[in-house]
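Chain letters run A, B, ... following the sequence lines, proteins first, then strands; residues in each count from 1.
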Number of protein chains: 2
Amino acid sequence: MRITEQSYLVLLALAEEPRHGYGIVQAVRDLSDDEVRLGAGTLYGVLDRLVAAGWAEASGEEVVDGRLRRYYRLTGAGREALAAHTDRLTALAARARRLVAPRPATGGAW
Amino acid sequence: MRITEQSYLVLLALAEEPRHGYGIVQAVRDLSDDEVRLGAGTLYGVLDRLVAAGWAEASGEEVVDGRLRRYYRLTGAGREALAAHTDRLTALAARARRLVAPRPATGGAW
DNA sequence: GGAGACGGGTCGTCGCGCGATATATATCGG
DNA sequence: CCGATATATATCGCGCGACGACCCGTCTCC
């Protein structure tokens with residue numbers, strides 16, 4: 001499957017710990033500095049695709065204050081995919097930084 | 001407009017220097033370690049949206065070996081948008097690295 | 001009793017990715 | 001000479017993914 005910014009953020013949110021839907025929305029909002037706010041449609045669409053890809057799975061339910069929470073967790077494959085994409089992102093960001101900001105912020109010798 | 005990985009890579013390719021369509025495809029392929037290969041449909045779709053957003057503009061034509069080259073360059077606004085998104089990407093990648101990698105080094109062959 | 005946070009989910013629209021296709025020139029191997 | 005490959009442009013249509021609108025509820029606070 002295609003890894004978009006939204007699906008990547010969901011993977012990242014689940015990497016920390018298993019979360020329920022609403023918790024994922026908040027975690028993504030937090031991870032992205034309040035710039036990515038998942039709507040319900042986006043969330044469940046992403047979740048369905050992650051489960052179909054074998055990268056996430058349902059992880060039990062819980063009732064808190066009369067409200068149902070449905071949890072999801074990463075699979076091993078999901079964790080691998082996340083790590084791989086994170087490597088690519090890191091490399092890309094480093095490359096981009098060189099192209100975008102010609103002056104070295106770290107005061108390097110080059 | 002929405003900044004996707006594809007449109008981001010095109011912005012990055014144009015940040016280095018003005019390029020023509022085919023040159024952008026090759027630059028993106030290079031920037032992404034041969035993992036993102038823009039098809040014609042993707043390229044011109046992205047280009048249209050970048051121009052419509054005021055982030056890129058046509059920059060003259062040239063004929064080389066009997067083939068027409070149509071050049072595009074970044075605008076000031078495009079450069080700002082690119083820098084802003086690069087900052088977000090860098091921050092996200094750093095955050096992700098903390099969550100994802102208990103292992104010390106990147107260990108790649110690059 | 002109403003507003004707003006918390007919690008689940010579906011549906012329809014539309015933007016975007018992308019392959020297929022069309023058109024044309026230069027190069028190189030067989 | 002012919003076909004394959006690379007360079008170069010652009011359009012079209014399909015399908016997937018993002019996202020808001022909307023639906024159902026509970027609990028808390030005012």
Side-chain angles (χ1 to χ4, degrees), chain A residues 1-14 18-32 34-53 55-56 58-72 81 85 88, chain B residues 1-14 18-32 34-53 55-73 81 85 88:
Chain A
M1 70 169 283
R2 218 164 83 207
I3 301 184
T4 66
E5 186 171 6
Q6 283 75 12
S7 57
Y8 177 73
L9 284 166
V10 170
L11 283 176
L12 212 49
L14 291 179
R19 293 184 197 271
H20 62 285
Y22 197 81
I24 294 174
V25 171
Q26 294 173 105
V28 165
R29 212 183 135 188
D30 196 52
L31 280 170
S32 70
D34 207 4
E35 287 183 63
V36 176
R37 301 191 191 194
L38 293 185
T42 305
L43 174 67
Y44 293 106
V46 169
L47 238 29
D48 285 348
R49 273 169 257 136
L50 292 184
V51 169
W55 288 355
S59 164
E61 304 179 354
E62 186 188 3
V63 174
V64 176
D65 288 332
R67 297 185 207 98
L68 179 66
R69 288 182 178 176
R70 191 156 283 152
Y71 282 84
Y72 292 87
H85 195 75
R88 288 179 46 201
Chain B
M1 70 170 285
R2 216 165 85 209
I3 300 184
T4 66
E5 186 171 5
Q6 282 76 12
S7 57
Y8 178 72
L9 284 167
V10 171
L11 282 176
L12 212 49
L14 291 178
R19 292 183 198 273
H20 62 286
Y22 197 80
I24 294 174
V25 171
Q26 294 172 108
V28 165
R29 213 182 135 187
D30 196 53
L31 280 169
S32 71
D34 207 5
E35 286 183 64
V36 176
R37 302 190 191 194
L38 293 185
T42 305
L43 174 68
Y44 293 105
V46 169
L47 238 31
D48 285 347
R49 273 168 257 136
L50 291 184
V51 170
W55 288 355
E57 59 189 2
S59 161
E61 302 178 356
E62 185 189 3
V63 174
V64 177
D65 287 331
R67 296 185 208 99
L68 179 65
R69 287 182 178 175
R70 192 155 284 152
Y71 283 83
Y72 293 86
R73 76 163 94 95
H85 195 76
R88 288 179 47 200

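Put simply, chain A comes within 4.0 Å of DNA chain D, heavy atom to any atom, from dG17(D) to dC27(D), going 5' to 3'.
Minimum interatomic distance between Y71(A) and H20(A) (heavy atoms only, all atoms of both residues): CD2-N, 3.7 Å.
Sorted by first and then second residue, the salt bridge (charged side-chain N to carboxylate O under 4.0 Å, His left out) pairs with a member in residues 37-53 of chain B read D34(B)-R37(B); sequence neighbours excluded. Under the salt bridge (charged side-chain N to carboxylate O under 4.0 Å, His left out) criterion, the residue pairs touching residues 59-68 of chain B are E61(B)-R70(B), with sequence neighbours excluded.
For Y22(B), there are no ring pair (Phe, Tyr, Trp, His ring centres under 6.0 Å) partners at least two apart in sequence or on another chain. In this structure, the side chain to side chain donor-acceptor pair (under 3.5 Å) partners of E5(A), at least two apart in sequence or on a different chain, are R88(B). Every salt bridge (charged side-chain N to carboxylate O under 4.0 Å, His left out) that R19(B) has, sequence neighbours left out, goes to E16(B), E17(B). S32(B) pairs by the side chain to side chain donor-acceptor pair (under 3.5 Å) definition with nothing, not counting sequence neighbours. Remark: A53(B) pairs with M1(B), W55(B) by the side-chain contact (heavy atoms from CB on, under 4.5 Å) rule, at least two apart or across chains. Under the side chain to side chain donor-acceptor pair (under 3.5 Å) criterion, Y72(B) pairs with no residue, sequence neighbours left out.
Listed in residue order, the members of residues 37-49 of chain A having a heavy atom less than 4.0 Å from DNA chain C are A40(A), G41(A), Y44(A). Of the residues in residues 59-68 of chain A, those with a non-hydrogen atom less than 4.0 angstrom from any atom of DNA chain C are R67(A), L68(A).
Two residues, T4(A) and G21(B), neighbour DNA chain D, and the one matched to the more 5' nucleotide by heavy-atom proximity is G21(B).
Here CG of L9(A) is found 7.5 Å from CG of L38(A). Values are rounded to the nearest 0.5 Å.
Of the side-chain N and O atoms in R2(B), none sit less than 4.0 angstrom from OP1 or OP2 of dG15(C).
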